[in-house]
Asks: 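First, the structure itself, so that you have it in front of you.
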Amino acid sequence: MDDIFKSSGIKRNTKICKIEDLEEDKALVKKGEDKYLPGIIIYKNKDSIYIWLNNCPHAHLTLDIIEGRVQSKNNDLLCANHGAKFNPITGECIKGPCKNSFLKSFPFKIKNNYILAG
Ligand code: FES
């Protein structure tokens with residue numbers, strides 16, 4: 001399980017953000033100290049939070065070509081490389097070259113109103 005922390009660039013127990021920093025249905029991309037590692041995508045919907053590794057299962061590139069831009073108009077997550085669209089809640093690719101594959105879920109916990117990696 002530890003390798004998702006290494007491969008994302010976000011170490012276990014890192015403070016990712018405050019819950020109130022998240023906007024409803026707006027994906028937020030966070031990188032770790034090493035900006036060349038892909039980081040994660042955080043998505044809040046109603047009372048639930050979903051975090052995905054920012055790595056497309058099609059060609060294992062980050063979803064965002066323009067940093068932080070990972071959403072289509074209807075709030076699906078969109079890979080800018082070849083147009084794969086992902087359901088932001090299930091992580092499933094619903095359209096595009098990796099249809100039916102999934103983004104990798106990133107483990108997190110909530111403590112004192114902060115989202116922490118782990
Ligand atoms: S790398 Fe995401 S669609 Fe090809």
Side-chain angles (χ1 to χ4, degrees):
M1 195 54 148
D2 260 336
D3 65 72
I4 196 161
F5 301 108
K6 261 190 201 150
S7 59
S8 67
I10 297 179
K11 293 181 189 136
R12 190 188 287 272
N13 293 321
T14 301
K15 276 185 182 170
I16 297 170
C17 63
K18 281 185 166 180
I19 292 176
E20 59 254 35
D21 294 341
L22 299 174
E23 281 180 63
E24 190 73 12
D25 293 318
K26 291 281 168 256
L28 180 69
V29 176
K30 282 275 180 185
K31 303 250 178 186
E33 285 168 22
D34 183 345
K35 65 179 185 189
Y36 296 107
L37 290 172
I40 55 177
I41 301 167
I42 307 147
Y43 184 82
K44 179 173 170 276
N45 176 260
K46 300 194 174 90
D47 287 329
S48 298
I49 292 166
Y50 307 88
I51 305 188
W52 308 106
L53 184 64
N54 184 13
N55 184 288
C56 179
H58 175 227
H60 298 287
L61 301 168
T62 57
L63 275 69
D64 48 339
I65 291 178
I66 298 172
E67 200 172 319
R69 299 266 307 261
V70 292
Q71 257 183 316
S72 64
K73 282 188 184 129
N74 69 352
N75 294 334
D76 288 336
L77 301 180
L78 177 68
C79 179
N81 296 291
H82 314 105
K85 274 188 174 183
F86 297 88
N87 179 315
I89 291 172
T90 64
E92 183 175 10
C93 179
I94 49 180
K95 194 174 177 192
C98 49
K99 194 169 182 212
N100 302 327
S101 57
F102 286 82
L103 294 171
K104 204 167 184 184
S105 176
F106 184 86
F108 66 96
K109 54 200 172 195
I110 294 172
K111 201 173 172 187
N112 299 332
N113 235 16
Y114 274 94
I115 301 171
L116 305 177

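The residues of the chain are indexed from 1 along the displayed sequence. Fair warning: this is a prediction, and the values are worked out from it, not measured in the lab.
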Asks: Measure the shortest side-chain to side-chain distance between Glu20 and Asn113 over non-hydrogen atoms and say whether it is less than 4.5 angstrom.
Replies: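 Heavy-atom side-chain distance check passes, below 4.5 Å.
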
Asks: Side-chain contact, heavy-atom cut-off 4.5 Å: Cys79 with Phe86?
Replies: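 With C-beta onward as the side chain, the pair touches.
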
Asks: If you look at every heavy atom in Ile16 and Ala117, which pair is closest and at what distance?
Replies: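 Ile16 and Ala117 have their closest heavy atoms at CD1-N, 3.7 Å.
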
Asks: Less than 4.5 Å apart, side chain to side chain, heavy atoms only: is that true for Leu116 and Lys15?
Replies: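 Yes, at least one pair of side-chain atoms sits under 4.5 Å.
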
Asks: Taking atom OG of Ser8 and atom CG of Leu53, what is their separation to the nearest 0.5 Å?
Replies: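 One finds 6.0 Å between OG of Ser8 and CG of Leu53.
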
Asks: Under the side-chain contact (heavy atoms from CB on, under 4.5 Å) criterion, do Leu28 and Leu22 qualify, and how do the steps go?
Replies: CA-CA 7 Å; Leu28 180 69; Leu22 299 174; 3.8 Å; yes

Asks: Under the ring pair (Phe, Tyr, Trp, His ring centres under 6.0 Å) definition, can you give me all pairs with a residue in residues 93-118, not counting sequence neighbours?
Replies: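 Matches after skipping sequence neighbours: Phe5-Phe106.
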
Asks: Only pairs under 3.5 Å count here: list side-chain donor-acceptor contacts from residues 37-49, not counting sequence neighbours, and write none if there are none.
Replies:
| residue | atom | partner | partner atom | Å |
| --- | --- | --- | --- | --- |
| Tyr43 | OH | Asp25 | OD1 | 2.7 |
| Lys44 | NZ | Glu24 | OE1 | 3.1 |
| Asn45 | ND2 | Asp25 | OD1 | 2.8 |

Asks: To the nearest 0.5 Å, tell me how far Tyr50 OH sits from Asn87 CG.
Replies: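 Tyr50 OH to Asn87 CG: 9.0 Å, rounded to 0.5 Å.
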
Asks: Contact between Lys30 and Cys17 at the side-chain level, heavy atoms closer than 4.5 Å - yes or no?
Replies: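 Touching, per the 4.5 Å side-chain cut-off.
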
Asks: Applying side chain to side chain donor-acceptor pair (under 3.5 Å), which residue pairs with at least one partner in residues 69-79 are found, sequence neighbours left out?
Replies: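 Of all non-adjacent pairs touching residues 69-79, those that pass side chain to side chain donor-acceptor pair (under 3.5 Å) are Ser72-Asn74, Asn74-Asp76.
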
Asks: Quick check: does any side chain N or O of Trp52 sit under 3.5 Å from a backbone N or O of Gly91, one acting as donor and the other as acceptor?
Replies: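 No, Trp52 side chain to Gly91 backbone: no donor-acceptor pair under 3.5 Å.
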
Asks: Does any N or O in the side chain of Thr14 come within less than 3.5 Å of the main-chain N or O of Ile10, such that one atom is a donor and the other an acceptor?
Replies: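 Looks like no, no N/O pair under 3.5 Å.
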
Asks: Taking side-chain contact (heavy atoms from CB on, under 4.5 Å) as the test, write out the residues that go with Glu23, two or more places apart.
Replies: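 Scan of Glu23 (side-chain contact (heavy atoms from CB on, under 4.5 Å), adjacent residues dropped) gives Lys26.
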
Asks: Which pairs, with at least one residue in residues 101-118 and sequence neighbours excluded, count as a salt bridge (Lys or Arg N to Asp or Glu O under 4.0 Å)?
Replies: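 For residues 101-118, and leaving out neighbouring residues, there are no salt bridge (Lys or Arg N to Asp or Glu O under 4.0 Å) pairs at all.
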
Asks: Could you tell me if the side chain of Ile115 sits less than 4.5 Å from the side chain of Ile51, heavy atoms only?
Replies: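 With C-beta onward as the side chain, the pair touches.
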
Asks: Taking all atoms of both residues into account, what is the closest heavy-atom pair of Pro107 and Ser105, and its distance?
Replies: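 Heavy atoms of Pro107 and Ser105 come nearest at CD-O, 3.9 Å.
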
Asks: Among pairs that include at least one residue of residues 10-36, which meet ring pair (Phe, Tyr, Trp, His ring centres under 6.0 Å), considering only residues two or more places apart or in two chains?
Replies: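 Sorted result for residues 10-36: empty, none.
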
Asks: List the residues meeting side-chain contact (heavy atoms from CB on, under 4.5 Å) with Asn100, not counting sequence neighbours, and say none if there are none.
Replies: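 In terms of side-chain contact (heavy atoms from CB on, under 4.5 Å), with neighbours along the sequence ignored, Asn100 is linked to Glu92.
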
Asks: A side-chain contact here means heavy atoms from C-beta on lying under 4.5 Å apart; do Cys56 and Cys98 qualify?
Replies: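 Yes, side chains in contact.
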
Asks: Sequence neighbours left out, cut at 3.5 Å: what donor-acceptor pairs do the side chains of residues 58-68 make with other protein atoms?
Replies:
| residue | atom | partner | partner atom | Å |
| --- | --- | --- | --- | --- |
| His58 | ND1 | His82 | ND1 | 3.1 |
| His60 | ND1 | Asn55 | OD1 | 3.0 |
| Thr62 | OG1 | Asp64 | O | 3.3 |
| Asp64 | OD1 | Asn54 | ND2 | 2.9 |
| Asp64 | OD2 | Gly68 | N | 2.8 |

